[in-house]
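Have a look at the structure below, then the notes.
All of these numbers come straight from a predicted model, not from anything done at the bench. Read the numbers this way: they start at 1 and go in the same order the structure lists the ligands and their atoms. Keep in mind that the numbers below use all heavy atoms, side chains included, and drop hydrogens, waters and symmetry copies.
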Amino acid sequence: MPWREDPEPYKVWVSEIMLQQTQVATVTPYFERFMARFPTVFVLAAADLQAVLEIWQGLGYYSRARNLHKAAVWVVKERDGVLPRLSSEWQALPGIGPYAAGAIASISFGEVVPAVDGNVVRVFARLLGIRKDSTLPAVRRALTAEVTRCIAPRRAGDFNQAVMELGALVCKPRNPVCEGCPLQRWCEAHAKGLTATLPVRPTRKPVPHMDVAACVIRRGPRILIARRRPDQMLGGLWEFPGGKQEPGETLEQTAVREIDEEIGIHIRVRRQLGAIRHAFSHFKMTLHVFECTPVKGRARAVTVDAVKWVSIPELRTYPFPAADQKIITWLETDR
Ligand code: SF4
């Protein structure tokens, strides 16, 4: 992990944000590209958000990139670029909760604070044999208090990283490797054969699914793209415009209605190019992609942030979400 070699606060901060909901192997190349492009908080603050989103493209959870950029601007403006030391100060920055604040402050400055992520919850719930729902706030508080009590005072950063890593590599969600675990002789779950049932979690609700129409609107060699509003999910990213199917509509009708509402033009749907399935954390979607031509009106940003007519080779110079990047690949291969 490149950020482990030098626990400089800026690097630890960026790495911790990237690692949220994302595996180390995925993060590593993104982290290296990010550091090469934005080596200091000053460079990051001076950068355009679009440039940050471009580097983040494909990593997902784009609000992390927007918050990172916003926080860098704030740190440079309000603190002359001096990063906070204390976990409580880190939590005042956008996008930083107790876990990230604890990780950064303990790893970079040795503050004796816990950093409780899912891995740490799993290790401690098993170690202590906690049979209550580990997502309940009271249970989470009790777990955090236990973690805090155990922190090695002079090596808080090492302690937090060690427990996280134990959870990721040894005390895994399924089939924990108890034989190689240094906590085995104190572990209640191991002693009582409860490793498969702890930690206790609420039963998951089924993930909703939605059908979405996306339009590749062609005018000669150019294609219309739209930028999502900053307050929306995937805000600041570009997309092939469209939207969610409403009850009673065909997908072609959805395409026509959405483009009328979002871009202010009337289109004709020519053919379906294909369908892409994509899963987000809280819903799944099937993106039905249509090739369309404009019939009436002039494209303008009605409910989107911006619109542009671009050539196919230019598409790669804009940040797009993962599903839309597949459409770009189709267009490049002349689908
Ligand atoms: Fe996890 Fe097994 Fe170690 Fe207990 S002994 S902490 S269940 S890996």
Linking directly or through intermediates, with side-chain heavy atoms under 4.5 Å: list the remaining ILVMFWY members grouped with L143, chain and number order.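 Grouped by the 4.5 Å side-chain rule, Y99, V112, V116, V120, V121, V123, F124, L127, L128, I130, L136, V139, V147, I151, F159, V163, M164, L166, L169, V170, V177, L183, W186 form the rest of the cluster around L143.
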Would L315 end up clustered with L53 when hydrophobic side chains under 4.5 Å apart are linked, directly or stepwise?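 Same cluster.
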Answer yes if I327 and I217 sit in the same cluster of Ile, Leu, Val, Met, Phe, Trp and Tyr residues linked by side chain heavy atoms under 4.5 Å apart, and no otherwise.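 I327 does not cluster with I217.
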Please confirm whether R64 makes a cation-pi placement over Y61, using NZ or CZ under 6.0 Å from the six-membered ring centre and within 45° of the ring normal.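 No, a cation-pi geometry is absent between R64 and Y61.
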Looking at W238, does the NZ or CZ of R228 lie under 6.0 angstrom from its six-membered ring centre and within 45 degrees of the ring axis?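 Geometry flag: not set, cation outside 6.0 Å or 45°.
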Should we count NZ of K326 as having more than 12 external heavy atoms under 6.0 Å?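 It does: K326 NZ has more than 12 such atoms within range.
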Are there any protein N/O/S atoms under 2.8 Å from atom 2 (Fe) of ligand 1, and if so, which?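 The answer is C178 SG.
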